[in-house]
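Since this is a predicted model, take the numbers as computed values, not measurements. First listed ligand is number 1; within each ligand, the first listed atom is number 1.
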Amino acid sequence: MKRISIYFFLITIIVVVYSCRKDYRIIEQAPNNTPISIKSFIPPGFPSLSSDLNIRPDNPLTEEGIALGRRLFYDVKLSGNNTQSCGSCHIQKYAFTNGPDLPLSFGADGISRTKRNTPPSFNLLWSKHFMWDGSQPGIEEQATGPITNPVEMNQDLKLLVNELQSDPNYPALFKKAFGSDSITIARVQMALGQFERTIISGSSKYDLFMQRKVNFTPDEYAGLAIFQSMTLGDCVHCHSLGGAFTDFAFKHNGLDTALPGGTIDVGRFGITHQVFDSMMFKTPTLRNIALTSPYMHDGRFKTLEEVVEFYDHGFYRNKNLDVNMALLPKNRMTVTQKAQLVTFLKTLTDTVFTKDTKLSNPF
Ligand code: HEC
Ligand code: HEC
């Protein structure tokens, strides 16, 4: 009797461990789907080596997978009360952020608020960490976070699978994308991941200028020089020029991270628990920055002018302040230079991307 209960106990453990394994596995592509070369998505001047890219050999992009992912991205069925989609907070015309009036986003219930500002969510193909604190290591893994989060879409994954499986359209679309009509969360993650990798912005005025197709005005050109100057803007130290406009690192840019009520948002520290990561946040891209107000992880600044004032003299010299910023004197830019810097930042707006119908809501 005792032995039987030990066996029973062991079997239970095995079942529990097995069912808790990552719901993510290599899946078969439908036999007649041709993977699309990722290189065809990479704009001129962007890094293109495989090691630069966030690609998964077990989730190649296919036309059918991307189409399914796009539909899922914009489908309110993904939320518990069928009112909110990924696209409700990641809005194309605001470069996949939530828009100018929302430092924090509303959840599907219309009352809950997210903890942080909705970040510019594009060019993820070049990103290695996701979220302001880098808590998510992969595009696929990230996708279920907002679906189940009670302050976001508040959905039960089992119910979601049932809902999609009994939908008149989805089984056929999953079959097209993945070879059979069985719907799993792993496949939902994979389709979303495929679509998200195609959300790419690389056609701004800055890009055309780099390709020598347009000229900058004198102010735009002066602003670029200030952006790069180690003694003036010094923005380039973290928001690297080139494809990404970020160094993909976690940095402390001198924000006071106190929250109302006396607590602080500890940023990266909350993930690594390393003292040196305290109050560090992922350097965001500056592409499309004129479209993604309000700014910073908590959306505290409304305008680019405010941001530039902050970097000119508003930053705090906390002990974790980035070493390069710590060397900079305050009030180092003239009024004209600050205005030119803002003028340059506006050249990073890409309306080809914000109007691209391949990225828009298909419903
Ligand atoms: C309620 C609004 C809301 C909804 C709905 C939402 N997100 Fe987000 N998203 C956010 C916020 C806020 C963050 C940043 C959270 C943080 O860093 O703590 C974020 C972060 C992200 C990031 C990380 C971007 C980066 O550069 O690090 C990705 C990718 C993303 N969301 C994709 C999705 C997908 C896919 C869906 C749908 C399944 C979705 N989001 C639904 C608000 C939302
Ligand atoms: C030490 C690295 C560093 C330097 C130098 C730096 N930044 Fe940043 N920047 C960051 C980090 C990190 C964040 C996110 C901080 C946060 O939200 O807590 C950020 C955020 C921003 C944002 C808000 C982006 C968004 O999506 O909300 C803008 C705009 C910006 N920086 C512009 C600039 C400009 C202009 C300069 C030069 C004057 C500059 N930065 C210099 C690291 C840096």
Distance-only criterion, 3.5 Å: show the donor-acceptor pairs between side-chain atoms of residues 36-49 and protein atoms not counting sequence neighbours.
from, atom 1, to, atom 2, distance (Å)
S37, OG, K39, N, 3.1
K39, NZ, S48, O, 2.6
S40, OG, S37, O, 2.7

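- Close contacts between ligand 2 and C238 involve ligand atoms 1 (C), 2 (C), 3 (C), 4 (C), 5 (C), 42 (C), 43 (C) [criterion: under 4.0 Å to a heavy atom].
- For atom 8 (Fe) of ligand 1, the nearby protein N/O/S atoms, meaning those under 2.8 Å, are H90 NE2.
- To the nearest 0.5 Å, the span separating CZ on F73 from OG on S85 amounts to 7.0 Å.
- Among protein heavy atoms, the minimum distance from atom 15 (C) of ligand 1 is reached at M131 CE, 3.6 Å.
- For the pair R332 and D234, the salt-bridge criterion is not met [side-chain N within less than 4.0 Å of a carboxylate O].
- Between E196 and ligand 1 there is a heavy-atom distance shorter than 4.0 Å.
- In this structure, the protein non-hydrogen atom closest to atom 25 (C) of ligand 1 is K282 NZ, 3.2 Å.
- The contact set between ligand 2 and D322, taken as ligand atoms under 4.0 Å from a residue heavy atom, comprises 1 (C).
- With a heavy-atom cut-off of 4.0 Å, H239 touches ligand 2 through its side chain alone.
- Remark: ligand 2 atoms within the under-4.0 Å shell around heavy atoms of Y295 are 23 (C), 27 (O).
- I289 and L341 fall within the same hydrophobic cluster, where Ile, Leu, Val, Met, Phe, Trp and Tyr residues are linked whenever their side-chain heavy atoms come under 4.5 Å apart, directly or through other members.
- In this structure a side-chain-to-backbone donor-acceptor pair under 3.5 Å is missing from S229 to I226.
- Residue contacts with ligand 2 include V307, since one of its heavy atoms falls under 4.0 Å from the ligand.
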Worksheet item: Going through the checks in order, is the side chain to side chain contact (heavy atoms under 4.5 Å, CB included) test met by V342 and K338?
Response: CA-CA 6 Å; V342 171; K338 286 186 275 194; 6.0 Å; no

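- Figure legend: K330 and F315 shown as a cation-pi pair, the cationic atom lying under 6.0 angstrom from the six-membered ring centre and within 45 degrees of its axis.
- Within the model, atoms CG of L173 and CG of L68 stand 6.0 Å from one another, a figure rounded to the nearest 0.5 Å.
- With rounding to the nearest 0.5 angstrom, the OH atom of Y94 is 11.5 Å from the OG1 atom of T354.
- Taking every non-hydrogen atom of T114 and a distance limit under 4.0 Å, the qualifying atoms of ligand 1 come out as 1 (C), 12 (C).
- Ligand 1 places these atoms under 4.0 Å from at least one heavy atom of S105: 2 (C).
- Those atoms of ligand 2 that come under 4.0 Å of a heavy atom in L255, given as number and element, are 15 (C), 16 (C), 17 (O), 18 (O).
- In this structure, Q84 contributes its side chain and F106 its backbone to a donor-acceptor pair below 3.5 Å.
- Checked for salt-bridge contact, E140 and R197 meet the test: a charged N lies under 4.0 Å from a carboxylate O.
- Residue N253 holds the heavy atom nearest to atom 11 (C) of ligand 2 of all those in D312, N253, L348, N288.
- Pairing each heavy atom of D219 with each of Q340, the nearest pair is OD1-NE2, 3.1 Å.
- Contacts with ligand 1 closer than 4.0 Å are made by no heavy atom of Q136, backbone or side chain.
- With ligand atoms numbered from 1 in the order given, ligand 1 contributes 5 (C) to contacts under 4.0 Å with heavy atoms of S85.
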Discussion item. Pair N169, R71 - check side chain to side chain contact (heavy atoms under 4.5 Å, CB included), show working.
Written reply: CA-CA 11 Å; N169 301 308; R71 190 183 167 103; 3.2 Å; yes

Worksheet entry | side chain to side chain contact (heavy atoms under 4.5 Å, CB included) between F245 and N123, worked out | CA-CA 10 Å; F245 274 86; N123 292 358; over 6 Å; no

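- Under 4.0 angstrom from ligand 2, the non-hydrogen atoms of M296 come from both its backbone and its side chain.
- The nearest N, O or S atom of C235 is not closer to atom 8 (Fe) of ligand 2 than 2.8 Å.
- Against a heavy-atom cut-off of under 4.0 Å, L286 is close to the following atoms of ligand 2: 28 (C), 29 (C), 30 (C), 32 (C).
- Heavy-atom contacts from other residues, nucleotides or ligands closer than 6.0 Å to CG of N82 number more than 12.
- Between K158 and D156, no side-chain nitrogen of the basic residue sits less than 4.0 Å from a carboxylate oxygen of the acidic one, so the salt-bridge criterion is not met.
- Atom numbering of ligand 1 starts at 1 in the shown order; those under 4.0 Å from a heavy atom of A143 are 38 (C).
- Annotation: cation-pi geometry not satisfied between R268 and F281 (NZ/CZ under 6.0 angstrom from ring centroid, within 45° of ring axis).
- Heavy atoms of H297 found under 4.0 angstrom from ligand 1: none, in either backbone or side chain.
- Near L124, the atoms of ligand 1 lying under 4.0 angstrom from a non-hydrogen atom of the residue are 26 (O), 29 (C).
- Applying the 4.0 Å criterion to heavy atoms of F130 picks out, from ligand 1, the atoms 27 (O).
- For ligand 1, the polar-atom distance check finds an N/O of R116 within less than 3.5 Å of one of the ligand's N/O atoms.
- Here is the list of ligand 2 atoms found below 4.0 Å of a heavy atom in D234: 5 (C).
- Under a 4.0 Å heavy-atom criterion, W132 is in contact with ligand 2.
- Comparing P120, A326, G223 by heavy-atom distance to atom 26 (O) of ligand 2, the nearest is P120.
- Every atom of ligand 1 is numbered from 1 in the order shown, and the set under 4.0 Å from a heavy atom of F106 is 1 (C).
- The aromatic ring centroids of F209 and F344 lie 6.0 Å or more from each other.
- Between the K77 side chain and the E163 main chain, no donor and acceptor come within less than 3.5 Å of each other.
- With a 6.0 Å radius and a threshold of 12 heavy atoms from other residues, nucleotides or ligands, K128 has its NZ atom above the threshold.
- Distance check for Y311 against atom 8 (Fe) of ligand 2: an N/O/S atom falls below 2.8 Å.
- The side chain of I147, and not its backbone, has at least one atom closer than 4.0 Å to an atom of ligand 1 (non-hydrogen atoms only; side chain from C-beta on).
- With a heavy-atom cut-off of 4.0 Å, P284 does not touch ligand 1 at all.
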